[in-house]
Colleague: 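Shown below is the structure under consideration.
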Amino acid sequence: MTPEELRAARDRIVPDVAAGGLRVLFCGINPSLMTAATAHHFAHPGNRFWPVLHRSGFTPRQLLPAEQSELLPLGLGITNVVARPTARADELGVDEFRKGGAALTERVERLAPAWLAVVGITAYRTAFGEPRARIGRQERTIGGAHVWALPNPSGLNAHWTIDTMAEEYARLLEAVPASAPNSPG
């Protein structure tokens, strides 16, 4: 991917991988430029989402970003708090997070997943005004869905290894029903 292709991706909107009645709707912070350029979520080679999703037991094998549609038959989907692609999440402002949180709430109400899993505790805290939130199950619901805050799988998040992230994602999996009402497949 050339620098020019990545710069051109700043104006692209990445479609959600979503359907009504999912077991879990994973919610990233915002698309990376690589994700925007490819239209595949968590596409940056340093992002650990796909290996973590598999190691935690959510997928039967490690999917490639280009195989993201294979999540839907498993009752899983992907969206973002903020739609605007950036090179780094720290390019986003508090207002963008708050507006994204409101839009995400509406999306969750419409899609009715059993669980909303926000992958990035700082994004969750900012978007939903929960400054003391910690990784794990949250007390509140959003749009009718249970909420779990997960570690950000970005390669920049050095506090979490693939194995420790997989353990946390597996804790969520234990709380998720085997199928959700109206789940695809």
Side-chain angles (χ1 to χ4, degrees), residues 1-20 22 24-54 56 58-59 61-74 76-111 113 115-128 142-143 145 148-160 162 165 169 184:
M1 191 77 38
T2 68
E4 294 78 23
E5 289 171 315
L6 291 176
R7 275 194 295 278
R10 286 190 180 273
D11 297 327
R12 295 192 185 139
I13 298 297
V14 179
D16 291 343
V17 175
L22 295 170
V24 180
L25 180 60
F26 289 95
C27 180
I29 298 169
N30 75 307
S32 70
L33 296 180
M34 181 71 72
T35 288
T38 64
H40 300 131
H41 292 272
F42 301 104
H44 190 280
N47 195 294
R48 301 168 292 174
F49 178 78
W50 298 104
V52 167
L53 205 61
H54 172 61
S56 66
F58 273 104
T59 60
R61 64 179 178 82
Q62 185 174 322
L63 300 175
L64 299 171
E67 298 173 310
Q68 64 189 10
S69 64
E70 292 186 31
L71 292 175
L72 292 174
L74 300 173
L76 308 173
I78 304 174
T79 190
N80 287 291
V81 175
V82 176
R84 182 171 71 92
T86 60
R88 293 176 50 109
D90 62 9
E91 295 176 43
L92 301 171
V94 171
D95 287 345
E96 278 184 285
F97 276 112
R98 297 245 165 92
K99 287 177 185 172
L104 177 61
T105 299
E106 291 174 9
R107 197 169 322 125
V108 171
E109 287 171 353
R110 183 173 37 83
L111 294 172
W115 285 87
L116 174 66
V118 181
V119 295
I121 189 66
T122 302
Y124 173 76
R125 289 173 179 158
T126 306
F128 297 103
I142 294 175
W148 200 287
L150 291 167
N152 181 350
S154 166
L156 299 175
N157 184 4
H159 293 101
W160 290 81
I162 287 177
M165 279 190 283
Y169 282 54

Colleague: Take Val24 and Trp148, measure what side chain to side chain contact (heavy atoms under 4.5 Å, CB included) needs, and give me the verdict at the end.
Modeller: CA-CA 10 Å; Val24 180; Trp148 200 287; over 6 Å; no
Colleague: Ignoring hydrogens, what is the shortest heavy-atom contact between Asn80 and Cys27? Give both atom names and the distance.
Modeller: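 Taking every non-hydrogen atom into account, C-SG, 3.5 Å.
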Colleague: Could you tell me the separation between the CH2 atom of Trp160 and the CD1 atom of Ile121, rounded to the nearest 0.5 Å?
Modeller: 9.5 Å
Colleague: Ignoring hydrogens and geometry, is there a side-chain-to-backbone donor-acceptor pair from Tyr124 to Ala117 under 3.5 Å?
Modeller: no
Colleague: State which residues pass salt bridge (charged side-chain N to carboxylate O under 4.0 Å, His left out) with Arg48; sequence neighbours excluded, sorted by chain then number.
Modeller: none
Colleague: Going by salt bridge (charged side-chain N to carboxylate O under 4.0 Å, His left out), name the residues that satisfy it together with Arg110, two or more places apart in sequence or in a different chain.
Modeller: none
Colleague: Look up atom CD in Glu5 and atom CE in Met34, then write down how far apart they are to the nearest 0.5 Å.
Modeller: 9.0 Å
Colleague: Using the rule given for side chain to side chain contact (heavy atoms under 4.5 Å, CB included), can you reason through Arg61 versus Leu63, listing the C-alpha separation, both sets of side-chain angles and the distance that settles it, and then say yes or no?
Modeller: CA-CA 6 Å; Arg61 64 179 178 82; Leu63 300 175; 3.7 Å; yes
Colleague: Checking the side chain of Glu91 only, and the main-chain atoms of Arg88 only, is there a donor and an acceptor separated by less than 3.5 Å?
Modeller: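 Between the backbone of Arg88 and the side chain of Glu91 there is a qualifying donor-acceptor contact (under 3.5 Å).
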Colleague: Which heavy atom of Ala145 sits nearest to which heavy atom of Val108, and what is that distance?
Modeller: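 Here Ala145 and Val108 meet closest at CB-CG1, 3.7 Å.
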Colleague: Backbone N or O of Leu53 within a donor-acceptor pair of the Ser56 side chain at under 3.5 Å?
Modeller: yes
Colleague: Dump the intermediate steps for side chain to side chain contact (heavy atoms under 4.5 Å, CB included) on Thr35 and His44, then the final yes or no.
Modeller: CA-CA 7 Å; Thr35 288; His44 190 280; 5.9 Å; no
Colleague: Kindly assign one of parallel, tilted or perpendicular to the pair Phe42 and Trp50, based on the angle between their ring planes and the thresholds 30° and 60°.
Modeller: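 Phe42 and Trp50: perpendicular rings.
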Colleague: What are the two closest non-hydrogen atoms of Ala18 and Leu25, and how far apart are they?
Modeller: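 In this case the closest contact between Ala18 and Leu25 is CB-CD1, 4.3 Å.
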Colleague: Is there a donor-acceptor pair closer than 3.5 Å between any side-chain N or O of Asn30 and the backbone N or O of Arg84?
Modeller: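 Present.
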Colleague: Could you check whether any side-chain heavy atom of Asp16 comes within less than 4.5 Å of a side-chain heavy atom of Arg107, counting everything from C-beta outward?
Modeller: yes
Colleague: Is there side-chain contact between Ile29 and Val81, with heavy atoms separated by less than 4.5 Å?
Modeller: no
Colleague: Check Leu33 against Arg10 and note the closest heavy-atom contact, atom names and distance.
Modeller: CD2-CG, 3.5 Å
Colleague: Of all the heavy-atom pairs spanning Ala9 and Pro85, show the shortest one and how long it is.
Modeller: O-CG, 3.7 Å
Colleague: Which atom pair, heavy atoms only, marks the closest approach of Phe58 to Leu74?
Modeller: O-CD1, 3.9 Å
Colleague: Could you check whether any side-chain heavy atom of Phe26 comes within less than 4.5 Å of a side-chain heavy atom of Val17, counting everything from C-beta outward?
Modeller: no
Colleague: Hey, is the main chain of His41 close enough, under 3.5 Å, to the side chain of Gln68 for a donor-acceptor pair?
Modeller: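 A pair under 3.5 Å: yes.
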Colleague: Please test Phe97 against Thr122 for side chain to side chain contact (heavy atoms under 4.5 Å, CB included), starting from the C-alpha separation and ending with a verdict.
Modeller: CA-CA 10 Å; Phe97 276 112; Thr122 302; over 6 Å; no
Colleague: For the atom pair CG (Asn152) and CG (Asn47), what is the distance rounded to the nearest 0.5 Å?
Modeller: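 One finds 7.0 Å between CG of Asn152 and CG of Asn47.
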Colleague: Distance-only, no hydrogens or angles: does the Arg98 side chain make a donor-acceptor pair with backbone N or O of Thr126 under 3.5 Å?
Modeller: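 Such a contact is found between Arg98 side chain and Thr126 backbone.
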